[in-house]
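Single-structure report; data block below.
Side-chain atoms are counted along with the backbone in the values below, which use heavy atoms only and exclude waters and symmetry mates. Naming convention: chains lettered A, B, ... in sequence-line order (proteins, then strands); numbering from 1 in each chain.
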2 protein chains.
Amino acid sequence: MNNRDQFRAKHPLKLTESKAGAKPLSSGDKEADKARVDELANRIAACQDIFYAERRRKLLVILQGMDTSGKDGTVRGVFGRLDPLGVRCVAFRAPTIDEREHDYLWRVHREVPAQGQLVVFNRSHYEDVLYPAVHGLIDGKECARRYQQICDFERMLSETGTVILKFFLHISKEEQRQRLQARLDDPDKHWKVDLNDLKEREHWDAYRSFYQKAIDKTDTDVAPWYVIPSDSKTHRNLAIASIVVETLDAMKLAYPPANPEYLKIKVT
Amino acid sequence: MNNRDQFRAKHPLKLTESKAGAKPLSSGDKEADKARVDELANRIAACQDIFYAERRRKLLVILQGMDTSGKDGTVRGVFGRLDPLGVRCVAFRAPTIDEREHDYLWRVHREVPAQGQLVVFNRSHYEDVLYPAVHGLIDGKECARRYQQICDFERMLSETGTVILKFFLHISKEEQRQRLQARLDDPDKHWKVDLNDLKEREHWDAYRSFYQKAIDKTDTDVAPWYVIPSDSKTHRNLAIASIVVETLDAMKLAYPPANPEYLKIKVT
């Protein structure tokens, strides 16, 4: 089974604590697995020059997950070898007043990749269903409407040339506890502490339940969801990098054809 | 003499062919120089986490130079180790209709760094003096007005917390000839060929003369110009990376202070 099939969301999705710790791609040797991640990250970087040269395809990677699930670490570990000219990482934070006065897809649409670009969304329009749903700001009917709007939006992006990969970084509640505690215990990491994360943690079950529903409702063949066990950082990166490489391979990237006329030109 | 003083533009600026080939930081051993570039690039990457954590300073790097002078290569060689979360590279191309209908600083202003961000401009607002001046689309009076506008704009950015470094990548006309020819001779590089570059090359002397003037008029202590001999790619990167590291060192970056209250929290 290829990696994309293996990690593709199953429906109805059940996000269990034990699945978060799975390591299906592990070789049993952590150092070897880390080396494999490096190798894949280098392959992604190597593809980028051709991807850019082609100026044809667009690649959008969406990272979602609970606080501390490793979205930043994924950017660093999987996309950190890319030439800064060819990758753009967009972190969506709490919307500004201006953004709130537009529809929730407005700020997202502005950031989607152009031809030859690879863009990584660190959080995305999915926050605009999850957060209000968990906090009771929108009802089930409005949730359903937004799922449909998101599917329509993503289908349009796909039909106009964007390849979309959506990753849910699945960590267990215990793993989150340890990661939050580690930040609090290390004075050098205090700048990363957001006490809101501790409050949001109280809604863990609600978030999990809404994530299950959101993924069930928006997992489509043109914008698939991959559920990535993420208690282990190495194996999270290994799974994501494997899927990205498989996707790039399937594109059969190639440099644009040469122009025989150019070979005759002498620069003076 | 420190690197910033050494490469700072001298006035009136004389861009000679021979200066483009200088290697003032060379150790005489090219492999050692390359290793030094790697070391400096890693130091820049290491500073980035603290720079981001501080959320206080903003760093804007502007790269200018003739076609093929190595702006892309500089991004890759000097800033390629940075976490994609912390660096943003903006390539300004020919303005769109929308952009042309605004003042020339409009699209540039939108892209300047926010607190904790490092942004690299691959070309910039300087193109909006050089190109029209070389092609006779604006007269000397309008040129002078734009130089003043640019100085005012950059001073405002500086006064509001942005550190600005402007690099002129200085190549010789012969080096450009070789680089253009190499692209034409290599079918895999044909996608990079832009026949306009050959036409712009005919205006070499006018570009050099306007660059000299532009640098003379806009080299200020808050937004200094560094003239980088760039016939050698390694020594170009070595000079630029040295200046960036020196600038970051001078900032005395430090993680924000820890919060003693955080050490008492137990996550449940």
- Message: Is it true that, when you exclude A:Lys192 itself, more than 12 heavy atoms of the residues, nucleotides or ligands shown sit nearer than 6.0 Å to its NZ?
- Response: yes

Any chance you could measure [X], atom [atom1], to [Y], atom [atom2], to the nearest 0.5 Å?
X	Y	atom1	atom2	result
B:Leu82	A:Arg76	CG	CZ	11.5 Å
B:Glu261	A:Leu184	CD	CG	11.5 Å
A:Leu85	B:Asp72	CG	CG	5.0 Å
A:Lys264	B:Asp185	NZ	CG	14.0 Å
B:His190	A:Asn259	NE2	CG	7.0 Å

- Which atoms of B:Arg55 come close to chain A, meaning under 4.5 Å heavy atom to heavy atom: side chain ones, backbone ones, both, or neither? side chain

- Message: Which atoms of B:Ala53 are under 4.5 Å from chain A, going by heavy atoms: the side chain, the backbone, both sets, or neither?
- Response: both

- Query: Okay, side chain of B:Gln181, backbone of A:Ile265: is any donor-acceptor separation there less than 3.5 Å?
  - Reply: yes

Could you look at [X] and say if it's the side chain, the backbone, both or neither that has a heavy atom under 4.5 Å from chain B?
X	answer
A:Lys266	both
A:Leu198	side chain
A:Val75	both
A:Arg183	neither
A:Arg177	both
A:Arg201	side chain

- Task: Just say parallel, tilted or perpendicular for the rings of B:Tyr255 and A:Trp191, cut-offs at 30° and 60°.
- Result: parallel

- Query: For the candidates B:Ala91, B:Pro84, B:Cys89, B:Pro260, which exhibits the highest count of non-hydrogen atom pairs separated by less than 4.5 Å from chain A?
  - Reply: B:Pro84

- Based on non-hydrogen pairs under 4.5 Å, which of A:Val120, A:Val90, A:Leu180, A:Val193 is most in contact with chain B? A:Val193

